J.: 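Handing you this structure, nothing more for now.
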Amino acid sequence: MCKKKKLLFALSLTCWMLSSTYAQVRTPDKLVRTSNKQVRTSNNQAGTVNKIDSVMRLASKRGIFNGNILVAVRGKIIYERSFGYADGGRQRLLSPEMRFDIGSISKEFNGTGIMILKERGLLDLDDPIEKYLPGLPQWSQQVKIRNLINYTSGIPLFAPTATETDSLIWQNLTGLKKLEFDPGTAYIYNHYNVYLQMRIIEKLSGLSYASFIKQNILVPCGMMSSMIDYPADGLKMARAFDSEFRETPYAQGMTGWIRLPIMDLFSWVTNLDSYKIISHESYLELASNFPGGESSLGKTEFQDTQLSSHQHQGSNSNYEALFYNSPKDSIVIVMMTNNQQLKVHGIKSALLGVLNGETVTVPKKSVYLEVREKMLADLQKGLVYYKVLKDHHQDQYDFSFEIGDVISTGKYLQRRKKFNDAISVFKQALMLRAKPQDLSYAYELIAECYLKLDLKELAAANYQKALEMDPNNKNAEGMLAAFKKLD
C-alpha cells in the first residue's frame, strides 16, 4: 500500500512538472502566472529565458516588481509573465489580459495623431494654434503646433494634473495673460500641451479624441483591447496600490488617457517604430526634442536618421510602464506595473545584461519612495530618516544614483507647492558628488521654486549657476533670456 502511494505521488509530481508552463507557481511572497502561449526555444535560448526568469523572480521577491513583463528577440516573444496581484486586497492575480494605465506614454498617441493629420495635409507643424483654437488669448498666435509636441510652448504649470478637469484647463488657458518664455526657447513638461493637441485633433477630424485614436491607430494596429479612459475600477483593469497594499485612488481629472494590456503596448511600439502608422519623416519630427528634454516619443537615438533605440517610461497614481525597443539589436522589453517602485529602468538594464551575456545586478528598493512622504510630513525628520537609510541600510535600499532620488524627492515637494522645503532638498543634492549635468538640474529646480515664490533675483541667480555648471543647459539659458527681456 505504501509503495502504491509512493507511485501515485511520483506520477502526480511528474504531471505537475509537465504542466508547470501553464500553471500558477508560488515563489517567496509572490505569485507568478506564466503566459498561455507556447514558445519553442533552442537550448541556448532556454538558458537565457531561465536567467531572465531568475532576474524577475528576484525583483518580485525584493518587492520592486508587481506586474506584467514581455521580452521579444528578433520579432518573437521569448518571455511573458505576470507577477503578483491585481488589487491591493490581494484577491486577484494579475494576468496578461489586464489593462494598465501607462502615464505619459499616452502622449505618444496624441503626438502621432497630430502627425497623421499633418500627413493628410490638414495642418502644418508651424501653424499657430490660434488658427484652430480661436478662443484662446493673443499668446496663441505665437505658439506653434511644433511647440506643443516638444513642450516648448511657454505655457506654465498651473497645478498637478490630478486637480484639473478638461473644463478647468480650458478656463486656465483662456485666462492666461502671458507665456512663461518665448515659444521654442525653453522647455516645460506640461500636460496642457497634450490637452491642446487633443483639442486640435478633434477640431480637424470632426471626431472625439477617443474615436479618432480608435479609428486611426488602435484598429489598424490590432490593439483591440485598448481603450481611451477605460474606468480605473473596471473589471479588466489592474488596480493600483502602494507598498502597504493600500489601493491608490486614480487621480486624473483630464481625459484622453489610454489603458491597455501588455500585448497591445508591444503592438504599439513595434508598429510605430517600423513606420507603419506614420512615415519615417514624420517619426523623425515627432522624435525631435529640446536639448535636455523629452520628445513626444520619450527618448530616441538614431544612427544616420535610422532608429537605434526608443525608450519611454510613464507613471500615474502608482501605475508605471516602460518599453525599450532596439531595432538594431532586435530586442523589445515591455513592463507594466500597478505598484510603482521606480525600478523598471534598473530591471530593464539587468535584462539587457542577460541578453548580452553579461553579469547583472538586480535593483534594490527605491530611496525616493521610502522617504518622500516622510519629508512631506516633516522635512527635518525626513532628512534624519534619509541619513539613517544611507548610513545603515544600503543593503536594502539603492543608493547607486543618490542624486536622482534626492532630486525626485524635491520635485515631489515642489509639485505639492512646498517650495521652501523643496529648495532645502535640492540643496542637499548639491552636496553630493555627481555629474555637472545633474548638479545643474538641481540649480535649475531651485530657480523654479524661487520663481514660484516670486523671488525673481534669486531665481535668476540660480539659473545662472545652472548654466555655469553646465553650459549646455538650454533651459536655464532660455529662462535667463526671458528675464533679460523683462528688464
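Note that the structure is predicted; figures quoted are calculated from it, not measured.
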J.: Do Ile347 and Val362 make a side-chain contact, defined as non-hydrogen atoms from C-beta onward lying under 4.5 Å apart?
T.: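 Counting from C-beta outward, Ile347 and Val362 never come under 4.5 Å.
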J.: Among side-chain atoms of Gln311 and Asn325, is any donor-acceptor pair under 3.5 angstrom?
T.: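 The answer is no; no qualifying pair exists.
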J.: How about Tyr85 and Arg92: do any of their side-chain heavy atoms sit closer than 4.5 Å?
T.: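 No; the side chains remain at least 4.5 Å from each other.
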J.: Using side chain to side chain donor-acceptor pair (under 3.5 Å), reason through Ser279 and Glu281 one step at a time and then give a plain yes or no.
T.: CA-CA 5 Å; Ser279 69; Glu281 179 188 357; 4.9 Å; no
J.: Should His191 and Glu164 count as side-chain neighbours, where that means a heavy-atom distance under 4.5 Å?
T.: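 Of all side-chain heavy-atom pairs linking Glu164 with His191, at least one is under 4.5 Å.
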J.: With no hydrogens and no angle check, just 3.5 Å: does a side-chain donor-acceptor pair link Ser104 and Tyr189?
T.: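 A pair is found: one side chain offers a donor N or O, the other an acceptor, under 3.5 Å apart.
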J.: Evaluate Lys381 against Val384 for side-chain contact (heavy atoms from CB on, under 4.5 Å), listing each step before the verdict.
T.: CA-CA 5 Å; Lys381 288 182 180 178; Val384 170; 5.6 Å; no
J.: When rounded to the nearest 0.5 angstrom, what is the spacing between CD in Gln437 and CD1 in Ile403?
T.: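 The distance works out to 10.5 Å.
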J.: Test your reading of the model: is there a side-chain donor-acceptor pair from Asn68 to the backbone of Met336, 3.5 Å cut-off?
T.: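 No, because the side chain of Asn68 does not come within donor-acceptor range (under 3.5 Å) of the backbone of Met336.
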J.: Could you tell me which residues satisfy ring pair (Phe, Tyr, Trp, His ring centres under 6.0 Å) with Tyr275, sequence neighbours excluded, listed by chain and number?
T.: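 Tyr275: ring pair (Phe, Tyr, Trp, His ring centres under 6.0 Å) contacts with His280, Tyr283.
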J.: Taking 4.0 angstrom as the limit, do Glu402 and Lys390 come out as a salt bridge?
T.: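 Here Glu402 pairs with Lys390 in a salt bridge, since their nearest N and O are under 4.0 Å apart.
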J.: What is the minimum heavy-atom distance between Glu294 and Tyr187, and which atoms define it?
T.: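 Closest heavy-atom pair between Glu294 and Tyr187: N-OH, 3.1 Å.
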J.: Using only atom types and a distance under 3.5 Å, with no angle test, would you say the side chain of Asp229 pairs donor to acceptor with the backbone of Gly256?
T.: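 Such a contact is found between Asp229 side chain and Gly256 backbone.
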J.: Could you tell me if the side chain of Ile188 sits less than 4.5 Å from the side chain of Tyr151, heavy atoms only?
T.: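 No; the side chains remain at least 4.5 Å from each other.
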J.: Step by step, work out the side-chain contact (heavy atoms from CB on, under 4.5 Å) result for Tyr443 and Leu430.
T.: CA-CA 8 Å; Tyr443 278 121; Leu430 292 173; 3.5 Å; yes
J.: Quick one: does Asn193's side chain have a donor or acceptor within less than 3.5 Å of a partner on Asn190's backbone?
T.: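 Indeed, once roles are kept as given, a pair shorter than 3.5 Å links the two residues.
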J.: Atom CG in Leu389, atom NZ in Lys387: separation rounded to 0.5 Å?
T.: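 Nearest 0.5 Å value for the CG-NZ distance: 11.5 Å.
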J.: What distance do Ser326 atom OG and Glu301 atom CD have between them, rounded to the nearest 0.5 Å?
T.: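 Going from the OG atom of Ser326 to the CD atom of Glu301 covers 9.0 Å.
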J.: Give a yes or no on whether the backbone of Ile278 and the side-chain of Ser282 come within a donor-acceptor separation of less than 3.5 Å.
T.: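 No, the answer is negative, given that no donor and acceptor are paired below the 3.5 Å cut-off.
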J.: Going by heavy atoms in the side chains, are Gln414 and Lys411 under 4.5 Å from each other?
T.: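 The answer is yes, as the side chains (C-beta and beyond) meet within the 4.5 Å cut-off.
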J.: Could you report the tightest heavy-atom contact between Val354 and Thr48, atom names first, then the distance?
T.: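 The answer is CG1-O, 3.8 Å.
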J.: Just wondering, do Gln341 and Asn66 contact through their side chains at under 4.5 Å, heavy atoms?
T.: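 With C-beta onward as the side chain, the pair stays apart.
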J.: Looking at Thr152 and Ala186, would you say the former's side chain and the latter's main chain have a donor-acceptor pair under 3.5 Å?
T.: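 Looks like no, no N/O pair under 3.5 Å.
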J.: Has Arg259 got its NZ or CZ under 6.0 Å from the middle of the six-membered ring of Tyr230, at an angle within 45 degrees of the ring axis?
T.: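 No - Arg259 does not lie over the ring of Tyr230 by the 6.0 Å and 45° rule.
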J.: With distance as the sole test, does Asp166 use its side chain to make a donor-acceptor pair with the main-chain N or O of Thr255 at under 3.5 Å?
T.: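 Yes.
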J.: Which atom pair, heavy atoms only, marks the closest approach of Gln215 to Val219?
T.: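 Distance-wise, the nearest heavy atoms are O-CB, 4.5 Å.
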J.: Starting at CG of Leu439, measure out to CZ of Arg433 and round the result to the nearest 0.5 Å.
T.: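 If we round to the nearest 0.5 Å, Leu439:CG and Arg433:CZ are 12.0 Å apart.
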J.: If you measure from CD1 on Ile114 to CD on Glu119, what distance do you get to the nearest 0.5 Å?
T.: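 Going from CD1 on Ile114 over to CD on Glu119, the span is 12.0 Å.
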J.: For side-chain contact (heavy atoms from CB on, under 4.5 Å), just list the numbers for Asp405 and Ser366, CA-CA rounded to whole Å, side-chain angles, deciding distance to a tenth of an Å, and then say yes or no.
T.: CA-CA 8 Å; Asp405 284 300; Ser366 166; 3.9 Å; yes
J.: Is Arg62 reaching over with its side chain to a backbone N or O of Pro363, donor-acceptor style, under 3.5 angstrom?
T.: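 Between the backbone of Pro363 and the side chain of Arg62 there is a qualifying donor-acceptor contact (under 3.5 Å).
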J.: Between Asp53 and Arg57, does any NZ, NE, NH1 or NH2 come within less than 4.0 Å of an OD or OE carboxylate oxygen?
T.: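 Looking at Arg57 and Asp53, the cut-off is met.
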J.: Which heavy atom in Cys449 sits nearest to a heavy atom in Ala422, and how many Å separate them?
T.: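 Shortest heavy-atom separation between Cys449 and Ala422 comes out as SG-CB, 3.9 Å.
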J.: Might you point out which heavy atoms bring Glu444 and Ala466 nearest each other, and give the distance in Å?
T.: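 It is N-CB, 3.8 Å.
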J.: Check for me whether Arg416 meets the cation-pi criterion with Tyr412, that is, NZ or CZ under 6.0 Å from the six-membered ring centre and within 45 degrees of the ring axis.
T.: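 Relative to the ring axis of Tyr412, which defines the angle, Arg416 lies inside both limits.
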J.: Less than 3.5 Å apart, which donor and acceptor atoms pair up between the side chains of residues 261-269 and the rest of the protein, not counting sequence neighbours?
T.:
| unit_1 | atom_1 | unit_2 | atom_2 | d |
| --- | --- | --- | --- | --- |
| Asp264 | OD2 | Ser225 | N | 3.1 |
| Asp264 | OD2 | Ser226 | N | 3.1 |
| Asp264 | OD2 | Ser226 | OG | 2.6 |
| Ser267 | OG | Met263 | O | 3.1 |
| Trp268 | NE1 | Glu108 | OE1 | 2.9 |

J.: Look only at the side chain of Ser211 and the backbone of Leu207, and say whether a donor-acceptor pair between them is shorter than 3.5 Å.
T.: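 Checked: no pair found.
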J.: Within a strict 4.5 Å, meaning less than it, do heavy atoms of the Leu218 and Leu260 side chains meet?
T.: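 No, every pair of side-chain atoms sits at 4.5 Å or beyond.
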J.: Donor-acceptor pair, Asn318 side chain versus Thr248 backbone, under 3.5 Å?
T.: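 Looks like no, no N/O pair under 3.5 Å.
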J.: Going through the distances and angles, do Gln428 and Tyr386 end up as a side chain to side chain donor-acceptor pair (under 3.5 Å)?
T.: CA-CA 11 Å; Gln428 289 285 325; Tyr386 157 70; 5.7 Å; no
J.: Where do Ser243 and Asn339 come nearest, in terms of heavy atoms and distance?
T.: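 Of all heavy-atom pairs spanning Ser243 and Asn339, the closest is N-ND2, 3.8 Å.
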J.: Which residue, Asn110, Ile201, Ile155, Ile169, forms the side chain to side chain contact (heavy atoms under 4.5 Å, CB included) with Leu196?
T.: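 Result: among Asn110, Ile201, Ile155, Ile169, Ile155 is the only option passing the side chain to side chain contact (heavy atoms under 4.5 Å, CB included) with Leu196.
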J.: For a 4.5 angstrom cut-off between non-hydrogen side-chain atoms, does Glu285 reach Arg146?
T.: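 Side-chain contact under 4.5 Å: yes.
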J.: Taking the six-membered ring of Tyr397, is NZ or CZ of Lys364 closer than 6.0 Å to its centre and within 45° of its axis?
T.: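 That pair does not qualify as a cation-pi contact.
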J.: Among pairs that include at least one residue of residues 296-337, which meet ring pair (Phe, Tyr, Trp, His ring centres under 6.0 Å), considering only residues two or more places apart or in two chains?
T.: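 Only His310-Phe323 qualify under ring pair (Phe, Tyr, Trp, His ring centres under 6.0 Å).
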J.: Consider only side-chain N and O atoms of Ser308 and Gln303, and report whether a donor and an acceptor are under 3.5 Å apart.
T.: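 Gln303 and Ser308 do not have a side-chain donor-acceptor pair below 3.5 Å.
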J.: Do the side chain of Glu320 and the main chain of Asn338 share a donor and acceptor less than 3.5 angstrom apart?
T.: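 No.
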J.: Answer yes when Asp398 and Lys343 have at least one side-chain N-carboxylate O distance shorter than 4.0 Å, and no when they do not.
T.: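 Result for this pair is yes, salt bridge flagged.
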J.: For the pair Tyr250 and Trp257, evaluate side-chain contact (heavy atoms from CB on, under 4.5 Å) and give the outcome as yes or no after the intermediate values.
T.: CA-CA 12 Å; Tyr250 186 76; Trp257 307 104; 4.1 Å; yes
